[in-house]
Amino acid sequence: MRTYVRCVHGRANSRGGGPVHRIGGGAARSPVIRETGPPDLPGFGDLVSEQGTLVTYSDGSAADIRYVPLTGRTGATVMTSYLPGPPEVRQQIHRGAEHALALMRSRLPQR
């Protein structure tokens, strides 16, 4: 499974399995981004969790936004939750991204 920073890349290149990895892009600058241990969410065959800090908006102005993209695959379906917020709510951002992904999974038809 591949995860993409920009949706346009993901739509153009969403086929294929294989190992999980991230492909970057975009004008906003995030020098601090790292893969984190994925949460224990039932029903997913593959999970990728990252956390990052946006330090510059695409217009060049300063930013200090934390964000968590969480991507999971269940069968042929790939879902991503992305939650940004200020530094002081970092733990809530992680929990919110996990909750959003679990909620998306719960709404899939049962097979």
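Residues take their numbers from the sequence shown, with the count starting at 1.
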Pair listing, salt bridge (charged side-chain N to carboxylate O under 4.0 Å, His left out) test, anchored in residues 52-69, at least two apart: D64-R66
Count I, L, V, M, F, W, Y as connected when their side-chain heavy atoms are under 4.5 Å apart, and connections chain through other members. Are [X] and [Y] then in the same cluster?
| X | Y | answer |
| --- | --- | --- |
| V48 | V68 | no |
| L108 | L101 | yes |
| L70 | M104 | yes |

side-chain hydrogen bond (donor to acceptor under 3.5 Å, both in side chains) involving S49 - partner list, sequence neighbours excluded: T36
Any side-chain heavy-atom pair from [X] and [Y] closer than 4.5 angstrom?
| X | Y | result |
| --- | --- | --- |
| R105 | T74 | yes |
| S81 | L103 | no |
| L41 | L47 | yes |

Between CD on residue Q51 and CD on residue E35, distance to nearest 0.5 Å: 11.0 Å
Start with the C-alpha gap between R34 and E50, add the side-chain angles, then the distance that decides, and say whether side-chain contact (heavy atoms from CB on, under 4.5 Å) holds. CA-CA 6 Å; R34 63 184 179 87; E50 296 176 324; over 6 Å; no
Heavy-atom nearest pair, P84 first then I93, reads C-CD1, 4.0 Å
What residues form a salt bridge (Lys or Arg N to Asp or Glu O under 4.0 Å) with D40, not counting sequence neighbours? none
I need the full list of ring pair (Phe, Tyr, Trp, His ring centres under 6.0 Å) pairs touching residues 71-95, with sequence neighbours left out, sorted by first then second residue. Y67-Y82
Does T71 reach the main-chain N or O of T80 with its side chain, forming a donor-acceptor pair under 3.5 Å? no
